[in-house]
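Heads up: the structure comes next, in structure tokens.
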Amino acid sequence: MVGVPAIVIVGLQFGDEGKGKISYLLCRDADCVVRFQGGANAGHTVVVDGRKFKFNMLPAGSMAGATACIASGTVVDLEEVFEELEILRSAGIKSGFMISRAANIVLPIHKELDAKIEEARGGKAVGTTRRGIGPTYSDRALRTGIRIEDLLDEERLREKLEILRKMHSSGVDSLEKLLEYGRRLSPYIGDVEIFVNDLLDRGGKVVFEGAQGTLLDIDHGTYPYVTSSNTIAGAACTGCGIGPTRINEVVGVMKAYTTRVGAGVFPTEIGGELGERIREAGQEYGTTTGRPRRVGWLDIPLLRYAIRISDVSWIALTKLDVLSGLEKLKICIGYEVDGRRLELAPPSVRLLENVKPIYVELDGWGRLSEEEWRRIAERGWDSMPDEARAYVEFVEEKLGKPIKLVSIGAEVGMEVER
Ligand code: IMO
Ligand code: MG
């Protein structure tokens, strides 16, 4: 996988597609890796040499040594940043780090509001991560947000906190605490946007590590059951000040099945014992919140939509091993709705609540031991079980984009290129 200069990684489903591992793989020859949207709602995991590293705020690709950047389109949980810098340090990783002066900060009040709004919604709750994402983006849009650079300016910070205090009746955060964060963070604060553009000019390689997934995009997802940022490939441009023509490649990451954590429509959801079995096999519990994830079959109409709006160049398919041992595997290849057939579907809740998935059934393959998978990873694509190859080839044909990488398991090294 010799990389091109500017690659955007984007989730093609409802998040948790395994973007952390793919980012690590693509960052091995990168100079810099950027988080450009979202905040500590993300949970990106990398397993290297049997050791597991979890990132919520820093890009997981920084484990490969690329300079970690947090760009202006994010909402920043400062405690997380310090904790995760410590993860890198104690793992002996010498990645540089830069955070945009223009990124907005998540305050305790935003987390409180997140929880309060969820409670107010009652049965209609979104099931947020309660990391304060929505309220922080709201304050940004209202122009009342606190930015990283404000932490270096006591007068301005005082004024802004005063406004926030009047807006939100409960406590905001102490001025002192925020100034202390500013002092600790000051060596890393910079113009990420200029740094990244200059790096690209000099022939450097940059990976833009998207968080969440296309179907959670605030505009292009299953609104209102979405996150509060744009998650599609184009968000790398707005979130990091990159001109659209700079992007060379968009890598779409998808799981071999579908999962969703939190509420919202899910046409291919699998209930009962089978759902339970896949959840256990895939260890489908939230990295950030520990919640059990809902599981379902692959949904080609929604994937086609996701691929379309991010103009995906190629696909990385993850967790194929999880489907092992199931006799039959279903794939939704279209929807029936009002007597029409849809091959590609926008994630409109109104539409998706009324569709009937059309399934095809493929043969499964037997359960393989970890040792057997390891051998497959060493020997490559041709050593995969025939039915597993047929599954991947079927999906590739339906999506019309090459699946260049198939990942089996969480560990780096457990994957095959095609
Ligand atoms: P990664 O980067 C999966 C979901 C939440 C909830 C909705 C809104 O690991 O793929 P929010 O806290 O963002 O306001 O919650 O979005 N969600 C995710 N689901 N993976 C994520 O990130 C997610 N980030 C948010 O569960 O349904
Ligand atoms: Mg997650």
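We're numbering straight along the sequence, starting at 1. All values below were derived from every heavy atom in this structure, side-chain atoms included, with hydrogens, water molecules and symmetry-related copies excluded. Both ligands and their constituent atoms are indexed starting at 1 by order of listing.
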Exercise for review: Over 60° means perpendicular and under 30° means parallel, so classify the ring planes of Trp365 and Tyr391, tilted if in between.
Suggested key: perpendicular

Point to revise | Residue pair His44 / Pro59, side-chain heavy-atom distance below 4.5 Å | key: no

Review point. What's the shortest distance from atom 13 (O) of ligand 1 to any protein heavy atom, and which residue and atom give it?
Key: Thr227 OG1, 2.6 Å

Check your understanding: How far is atom 5 (C) of ligand 1 from its nearest protein heavy atom, and which residue and atom is that?
Key -> Gly127 O, 3.6 Å

Point to revise | The one among Val75, Val226, Thr259, Thr222 that brings a heavy atom closest to atom 8 (C) of ligand 1 | key: Val226

Review point. For Ala263 and ligand 1, does the shortest N/O to N/O distance drop below 3.5 Å?
Key: no

Point to revise | Closest protein heavy atom (residue, atom, distance) for atom 23 (C) of ligand 1 | key: Gln212 CG, 3.6 Å

Practice item. In sequence, state the C-alpha distance, the side-chain angles, and the governing distance for Val251 and Val10, and then conclude on side chain to side chain contact (heavy atoms under 4.5 Å, CB included). Key: CA-CA 6 Å; Val251 177; Val10 54; over 6 Å; no

Revision key, fill the gap. the protein heavy atom lying closest to atom 20 (N) of ligand 1 turns out to be Asp16 OD1, 3.0 Å

Exercise for review: Using a strict 4.0 Å cut-off to heavy atoms of Ala211, name the atoms of ligand 1 that fall inside it.
Suggested key: 2 (O)

Exercise for review: For the pair Arg260 and Glu269, find out whether any cationic side-chain nitrogen is under 4.0 Å from an anionic carboxylate oxygen.
Suggested key: no

Check your understanding: Where is the nearest protein heavy atom to atom 27 (O) of ligand 1: which residue, which atom, and how far?
Key -> Val261 O, 3.1 Å

Check your understanding: Salt bridge between Lys398 and Glu393, side-chain N to carboxylate O under 4.0 Å?
Key -> no

Review point. Which of these, Lys401, Arg418, Lys404, sits in a salt bridge (charged side-chain N to carboxylate O under 4.0 Å, His left out) with Glu396?
Key: Arg418

Check your understanding: When you look at NZ of Lys166, are more than 12 heavy atoms from neighbouring residues, nucleotides or ligands closer to it than 6.0 Å?
Key -> no

Check your understanding: Is Gly262 in polar range of ligand 1, meaning some N or O pair under 3.5 Å apart?
Key -> no

Practice item. Could you list the atoms of ligand 1 found under 4.0 angstrom from a heavy atom of Val126? Key: 8 (C), 27 (O)

Point to revise | Structural part of Phe14 in contact with ligand 1, heavy atom criterion under 4.0 angstrom | key: backbone

**Study point:** Identity and distance of the protein heavy atom lying nearest atom 18 (C) of ligand 1
**Key:** Leu216 CD1, 3.6 Å

Exercise for review: May I ask you to decide whether Arg156 forms a salt bridge with Asp150, counting only side-chain N to carboxylate O separations under 4.0 Å?
Suggested key: yes

Exercise for review: Before signing off on this row, confirm whether Lys19 and ligand 1 have an N or O atom pair separated by under 3.5 Å.
Suggested key: yes

Practice item. Counting heavy atoms only, name the option from Gln37, Arg291, Arg293 that's nearest to atom 26 (O) of ligand 1. Key: Arg291

Practice item. For the Mg ion (ligand 2), find the closest N/O/S atom on Asp16 and give its atom name. Key: OD1

Exercise for review: Would you tell me which option among Thr231, Thr289, Thr129 has the nearest heavy-atom contact to atom 12 (O) of ligand 1?
Suggested key: Thr129

Check your understanding: Is the charged tip of Arg184 near the ring of Phe82: under 6.0 Å from the six-membered ring centre and within 45° of its axis?
Key -> yes

Revision key, fill the gap. Honestly, for His44 the part within reach of ligand 1 (heavy atoms, under 4.0 Å) is side chain

Practice item. Among Glu276, Glu17, Glu284, find the residue that satisfies the salt bridge (charged side-chain N to carboxylate O under 4.0 Å, His left out) test when tested with Arg293. Key: Glu284

Point to revise | Nearest-contact summary for atom 15 (O) of ligand 1 - protein heavy atom, Å | key: Thr128 CA, 3.3 Å

Check your understanding: Do NZ/NE/NH1/NH2 and the carboxylate oxygens of Glu209 and Arg35 come within less than 4.0 Å?
Key -> no

Check your understanding: Which atoms of ligand 1 sit under 4.0 Å from any heavy atom of Ala42?
Key -> 1 (P), 2 (O), 9 (O), 22 (O)

**Study point:** atom 9 (O) of ligand 1 - nearest protein heavy atom and its distance
**Key:** Gly43 N, 2.9 Å

Point to revise | Salt-bridge criterion met for Glu415 and Lys21 (N-O under 4.0 Å) | key: yes

